[in-house]
Amino acid sequence: MIYLDNAATTKMSEEALKEYEYFSCSNFYNPSATYLPAIKVAMALDEARARLKKCLGAKKGDIIFTSGATESNNLAIRGSLREGKWEYVFSSGEHASVYNLANALKREGKTVNFIPLFKTGEIDYNALEKMLSPKTRIVSVMFVNNVTGAINDIKKISEIVRKNAPSAILHVDGVQAFCKLNFNLDELDVDLFSISAHKFHGPKGVGALYVKNKATLKNLVYGGGQEYGIRSGTENVPAIMAMVKASELINTQENFEKVLKLKGQFLDEIKKCDKIKVVGENTSPYIAMLLFDGVNGETLTRALENQVIVGRGSACSAKKAGNHVLEAIGYKINEIKGAIRVSFDESLTQQQIKESAEIIIKTYNELLEKLK
Ligand code: PMP
């Protein structure tokens, strides 16, 4: 079985698992306790913040550990809301944890605008500029789209936002970019940045929110005052330490080059079948979104699953018929029905890539024959 759904989740690394075990069974103390072994855990946790900032390329700012990117995104946005007549701007391609929240804010009576997407899957930068004003409070745009792999130009976005919306907080969902693309948070000049450990060989249920200026962020839950009072609750120390270990073990540039070649090879094979469309342009090497004419993506996924595991676009919304991201790009519902997301990992071999593309084409043709 060849696993090609790495954008949904990745396998945890051995080293991360060892770290998890060490901080669960040996060094298991509560970092908020006041005796020496616990103080040492608190120190390890603070070092972990500095280590993660280094991986993110951030000299300024702070790290708030969370239960994953869904929480980081909700905290970033709800925590930045303010009283008064403010405006909120979101891209139309956001993950459900931002997109559904944006729609909830709209229902609550807030002024919410959605930035349209280009056919490439990127946001329309001119449309963003037109939506901004001194009344804009939050702009939230993801780095790499989890459905299409489209890469938004975050530096360009931050420049547009700083110029046109001086009071705005810029939040970036960096889940599919961190440990996959080379970037430096200080250079990108964003205010808030969400990450999730299970996308880069760390454990599930843990993530972080980078905060440039924590004075601008309000807490959503009340409790013991952990994480600068912004996210109370005993920290999930084993998972946090494993996450940071996992991020340090990744050689982003080396993996990028390897995965870029693998994706190129995969697409060369897939394009031998002219009924399969590839969505987007200049997308992340880790993600390929394919549209299969005349079959249901769900049926194809199930027909493949004993040999090749692929995804439907977003694991979180896989059960929904439509897909707001592909719709925002302009695809019709019957095209979206045949959508399959293939997502790669540096551990794959060229042989596995060739084999999986051949199996996908063969299974697709068999389904088409059956449907005749
Ligand atoms: N944002 C993006 C872009 C994602 O791909 C995901 C995971 N599907 C999330 C947010 C949510 O992350 P988590 O699973 O950690 O809640």
Side-chain angles (χ1 to χ4, degrees), residues 2-16 51-58 69 120-122 142-157 172-188 190 193 195-202 210 243-272 276 278-290 308-311 340-360:
I2 305 169
Y3 180 67
L4 296 181
D5 198 20
N6 292 280
T9 199
T10 57
K11 182 171 154 183
M12 191 158 146
S13 72
E14 295 282 336
E15 292 88 343
R51 287 161 58 199
L52 190 57
K53 272 176 67 181
K54 198 165 172 217
C55 293
L56 285 161
T120 60
E122 269 176 273
M142 72 208 309
F143 203 152
V144 172
N145 188 282
N146 57 302
V147 176
T148 62
I151 305 172
N152 287 311
D153 186 339
I154 300 298
K155 180 77 188 138
K156 184 168 166 174
I157 292 169
V172 172
D173 174 343
V175 169
Q176 302 288 349
F178 181 55
C179 289
K180 296 180 196 294
L181 302 186
N182 247 331
F183 62 85
N184 181 310
L185 263 198
D186 282 343
E187 268 169 29
L188 293 181
V190 305
F193 194 87
I195 63 165
S196 175
H198 71 103
K199 309 289 180 171
F200 53 88
H201 306 288
Y210 161 82
M243 165 170 71
V244 174
K245 180 59 120 191
S247 72
E248 285 176 337
L249 287 169
I250 287 171
N251 184 330
T252 306
Q253 189 57 34
E254 205 178 286
N255 290 355
F256 180 92
E257 280 157 24
K258 186 167 182 216
V259 176
L260 186 68
K261 270 197 204 132
L262 293 175
K263 182 179 170 182
Q265 191 200 345
F266 179 82
L267 291 182
D268 286 346
E269 290 288 333
I270 281 292
K271 282 175 186 162
K272 288 181 186 162
I276 308 173
V278 182
V279 173
E281 273 168 40
N282 302 322
T283 50
S284 161
Y286 287 85
I287 297 177
M289 187 65 187
L290 307 174
V308 183
I309 292 197
V310 294
I340 280 195
R341 181 185 64 187
V342 179
S343 47
F344 307 98
D345 179 66
E346 61 281 358
S347 63
L348 288 159
T349 64
Q350 291 191 351
Q351 180 55 33
Q352 286 175 315
I353 288 291
K354 186 173 160 46
E355 215 178 291
S356 57
E358 285 168 359
I359 294 169
I360 291 171

Next on the checklist: Go through it in stages, so that I can follow the logic: the residues are Asn146 and Val175, the test is side chain to side chain contact (heavy atoms under 4.5 Å, CB included), and I'd like the CA-CA distance, side-chain angles, deciding distance and then a yes or no.
Outcome noted: CA-CA 8 Å; Asn146 57 302; Val175 169; over 6 Å; no
Please answer whether the main-chain N or O of [Y] pairs with a side-chain N or O of [X] as donor and acceptor at a distance below 3.5 Å.
X: Lys199; Y: Ala8; result: yes
X: His201; Y: Lys11; result: yes
X: Asn184; Y: Asp186; result: yes
X: Ser343; Y: Asn6; result: yes
X: Gln265; Y: Ile353; result: no
X: Glu15; Y: Lys245; result: no

Is [Y] close to [X] at the side-chain level, that is, under 4.5 Å between some pair of heavy atoms?
X: Phe200; Y: Met243; value: yes
X: Leu52; Y: Ile195; value: yes
X: Gln350; Y: Leu262; value: yes
X: Asn152; Y: Ile157; value: yes

Nearest atoms (heavy-atom pairs only) where [X] meets [Y]:
X: Thr120; Y: Ala150; value: O-CB, 3.7 Å
X: Phe344; Y: Ala288; value: CE1-CB, 4.1 Å
X: Leu185; Y: Ala58; value: CB-CB, 4.1 Å
X: Val147; Y: Ile287; value: O-CG2, 3.9 Å
X: Glu187; Y: Lys155; value: O-NZ, 3.0 Å
X: Arg341; Y: Asp5; value: NH2-OD1, 3.3 Å

Next on the checklist: According to salt bridge (Lys or Arg N to Asp or Glu O under 4.0 Å), does anything in residues 249-267 pair up with another residue at least two apart or in another chain? List the pairs.
Outcome noted: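 Passing the test, one end in residues 249-267: no pairs.
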Distance check, rounded to the nearest 0.5 Å: [X] atom [atom1] versus [Y] atom [atom2]?
X: Thr10; Y: Asp345; atom1: OG1; atom2: CG; answer: 7.0 Å
X: Phe178; Y: Ser247; atom1: CZ; atom2: OG; answer: 4.5 Å
X: Cys55; Y: Arg51; atom1: SG; atom2: CZ; answer: 8.0 Å
X: Leu4; Y: Ile340; atom1: CG; atom2: CD1; answer: 10.5 Å
X: Ile154; Y: Lys156; atom1: CD1; atom2: NZ; answer: 12.0 Å

Next on the checklist: Checking Lys54 now: which residues fulfil side chain to side chain contact (heavy atoms under 4.5 Å, CB included) with it, not counting sequence neighbours?
Outcome noted: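 Side chain to side chain contact (heavy atoms under 4.5 Å, CB included) list for Lys54, sorted by chain: empty.
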Item to check | Sequence-distant partners of Gln352, side chain to side chain contact (heavy atoms under 4.5 Å, CB included), two or more places apart | outcome: Ile2, Leu348, Thr349
Item to check | Val342, Leu290, Thr148 screened by side-chain contact (heavy atoms from CB on, under 4.5 Å) with Val278, the one that passes | outcome: Leu290
Item to check | Phe143-Phe183 aromatic ring centre distance below 6.0 Å | outcome: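 When the ring centroids of Phe143 and Phe183 are compared, they turn out to be within the sub-6.0 Å range.
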Next on the checklist: Testing the 3.5 Å rule here: is there a donor-acceptor pair between the side chains of Asn182 and Gln253?
Outcome noted: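 There is such a pair between these side chains.
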